[in-house]
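Given the structure is predicted, the values throughout are model-derived calculations rather than measurements.
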Amino acid sequence: MAELTKEEAASFAGEEGVTVERDYPVKADSTDSGEAVPEVTEYVPVEVPSKQKQEEEYTDKPEEFVPCKKVTDPKKKDEVVPWNIACVAGTPSQNKYRGRHVRVAVMDSGIDPHDELNTKGWVDFSDRVNGYKPTDNSGHGTSMAGVIAARINGIGFEGIADEAELYSVKIFNRENTASVSTVVKAIEWCIANDIDIINMSFGMAQHSSILAKEIKKAYDRGILMIGAAGNDAGDIQYPAAYPEVISVGSIDPNLNASDFSENKKVDLVAPGEEAQTTAYLGAYGIAEGTSIATAHVTGVAAAVKSARRKAGNEELREALCSSAVVLKDKSRLVNYQAAVAAIRQVHRLPASVSELRGITSEKAEDKESYVAGSWTALKWLDGSNTGHEAMVNAMDFTSSCLRPNTVTEGIHNKWIVARAARQTDWIKQLSAGDDTKRDANGAVVTKGGTTMLSPYHAKSQYAFSEVLSHLQFLYELARRRLILRSNLEMNAANYKGDTYYGVSIPLRTKKRIIEDLNVLYKDLEIYFKADSINMNTVMAKGFMILGVFLHLVQDIQAHRAVVNPNMVFRSSQTPDYYSTDTMGETISDSRINGSNLLNAATGSYLFRIFKEKGPMPIIRLKDFLKKDNENKIRKCMVTVDGKTYQCFASEAYEDNPYFYRRRYSTAQQFSVRYVNRMISDSGNTSTQLNNYFRSADVPIYEKKCTKFK
């Protein structure tokens with residue numbers, strides 16, 4: 001970037017690869033209440049030689065102006081949690097994640113040394129490159145820093161992410177203005193110094209192509225940027241208006257939009273009135289404006305990132321925005337607890353096993369931190385078994401139709417759904433391998449009775465029409481609890497006939513499902529007792545059923561997807577196998593290593609089955625795969641991401657999220673669609689029962705298919 005005269009600028013205009021524009025000024029987005037508003041003047045930066053003699057009142061070590069006190073004994077604390085902090089982060093000192101090892105740049109007027117602030121470093125891009133007097137020109141930057149990371153040290157107030165590494169990146173000059181060129185230099189410094197998050201509580205009305213390119217560059221390097229929308233209640237200012245930046249609006253203590261803030265257009269909102277924070281020269285103050293609202297989002301972002309340090313800026317942004325609390329004006333209030341629950345999940349299938357290992361190595365230490373995984377305990381997933389949980393936790397359960405009274409309640413609802421989805425695999429009475437005998441009321445019996453296959457896993461021994469009847473019954477059971485608020489009859493003997501509110505389902509299957517729900521209910525009741533979650537409510541039971549329902553939705557894609565002969569054999573004429581696995585996205589680019597077939601005879605038989613009967617459900621593929629000779633357990637060697645792993649036959653391809661990946665993504669999409677459908681399906685009789693979602697990318701096997709001999 002260079003300064004040009006008008007004549008020089010004109011001579012360059014239109015040349016390829018050269019951008020010429022005015023060096024626009026930017027200003028801090030504060031109101032007159034409690035924060036200084038920099039005067040806007042045109043400013044052309046002047047480079048200061050690094051060896052220029054400094055005036056005596058300037059220093060290269062700003063911390064020497066007012067030394068920070070050491071952290072006092074937290075047990076003797078006399079500090080408060082002001083409303084603005086509690087609104088988005090509860091009580092920070094009680095939060096598990098507070099920004100450790102997260103590098104946050106406050107790009108502003110500087111940060112003053114303060115007992116409450118443990119600033120990691122200072123850099124100055126304003127008038128003086130290496131001098132400070134004081135560190136903060138106006139107090140604006142110091143007020144941002146207090147909300148983000150005021151120390152939990154027994155005095156003053158608690159900041160949101162007190163363990164974050166805070167950097168003062170000063171851009172405002174002595175007249176409290178800054179130019180686009182100054183901002184660009186500051187962003188370059190952030191890129192070069194591995195900053196994770198940039199707080200940009202300033203703005204301008206003009207678009208700058210130079211700034212836009214620099215913002216895009218920083219975003220592509222993994223930096224999360226959070227910007228103030230502006231205080232004129234009009235269009236969002238730049239840089240917040242750029243798509244790579246999270247734009248932030250302001251709310252008052254009553255959770256209403258501030259008069260100066262247009263919240264319908266912003267990504268998130270946060271407290272921007274009567275916000276307690278730090279001020280320069282060691283003081284405290286009250287701040288107002290979208291500037292201070294932005295600092296709240298930055299603080300939450302830093303705390304949330306420390307919950308999963310390896311999360312990229314896209315995942316962090318998604319966690320913050322998708323988990324936000326929807327206010328009555330439809331704006332979205334950032335929330336620490338909900339965002340932590342979101343960031344600890346994987347919202348997409350990782351691109352590689354090495355990436356997945358990085359995620360699953362972070363063990364779940366509490367219920368809000370479910371770790372991501374696949375449909376089963378795959379060897380290359382370090383034994384993680386949270387595939388159904390991962391899909392559930394990527395979903396939004398804060399809809400007004402599901403009526404969580406608080407953010408915590410909404411999170412608890414998701415816990416119930418996720419746990420129920422998981423336990424459908426792990427409780428023997430519900431598991432896929434449970435072909436037990438049942439009495440007339442569906443209860444398990446040791447002798448006599450009727451053998452019944454589990455109805456929750458899309459087993460191929462059922463025709464697809466039967467699977468759909470199971471799906472419809474679970475859907476209606478959940479809908480009547482969650483939408484109509486009907487009590488759940490838990491006594492299977494009280495269910496009569498082969499129908500249920502328009503669902504056609506055999507009575508014995510209906511009674512089995514109710515019996516199984518009783519077993520699941522007792523499991524969840526014990527599991528959630530420590531969290532004071534009452535399972536004996538209509539809604540809790542509804543969320544429990546929803547978990548089982550979503551498990552079946554997802555298993556249809558996992559187990560009944562069609563296996564094409566081209567996925568196993570190179571030729572349609574002879575059993576010529578593929579020599580390596582290909583973990584593809586679709587049927588056409590997914591390949592099975594023929595050496596995993598049980599033996600040559602098995603391969604020939606499978607080849608004949610394909611020729612005579614056509615495609616088969618993937619759940620039956622394991623009948624043809626290798627067994628361990630000693631333990632009679634099937635074992636395969638599967639290659640994923642260039643590495644080979646030993647696994648059970650069902651893990652090799654059927655439950656492998658990397659093989660034929662479209663099954664996994666479709667299962668996620670369908671889960672969300674069904675919940676959205678249920679929310680709008682509010683009549684006494686469902687209008688959606690016969691509406692099964694289908695995907696052309698994942699053909700489903702619709703006939704019965706027993707085990708091959």
Taking the six-membered ring of [Y] as reference, does the NZ or CZ atom of [X] fall below 6.0 Å from its centre and within a 45° cone about the axis?
| X | Y | result |
| --- | --- | --- |
| Arg677 | Phe693 | yes |
| Arg419 | Tyr527 | yes |
| Arg560 | Phe464 | no |

query: Which class fits the ring pair Tyr674 and Phe549: parallel under 30°, tilted 30 to 60°, perpendicular over 60°?
result: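 Taking Phe549 first and then Tyr674, their aromatic rings stand perpendicular (interplane angle over 60°).
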- prompt: Has the side chain of Asp576 got a donor or acceptor atom that lies under 3.5 Å from a matching backbone atom of Phe569?
  reply: no
message: Show me the pairs that pass side-chain hydrogen bond (donor to acceptor under 3.5 Å, both in side chains) and involve residues 507-518, at least two apart or across chains.
response: Gln429-Asp516, Asp434-Arg512, Arg438-Asp516, Asn441-Lys511, Tyr456-Asp516, Arg512-Asp516
message: Less than 4.0 angstrom from a charged side-chain N to a carboxylate O is my criterion; do Arg480 and Glu476 meet it?
response: yes
Is there a donor in the side chain of [X] and an acceptor in the side chain of [Y], or the other way round, less than 3.5 Å apart?
| X | Y | result |
| --- | --- | --- |
| Asn599 | Lys626 | no |
| Asp581 | Tyr658 | no |
| Asp681 | Gln688 | no |
| Asn656 | Arg661 | no |

task: State, with a plain yes or no, whether a side-chain heavy atom of Ile556 is found less than 4.5 Å away from one of Phe670.
output: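 When only atoms from C-beta onward are counted, Phe670 and Ile556 do not touch, as no gap falls below 4.5 Å.
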Contact summary for His457 and Leu430, nearest pair of heavy atoms: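 Closest pair (atom of His457, atom of Leu430, distance): NE2-O, 2.6 Å.
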query: Should we say atom OH of Tyr501 is surrounded by more than 12 heavy atoms from elsewhere, each under 6.0 Å from it?
result: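 Incorrect, the count does not exceed 12.
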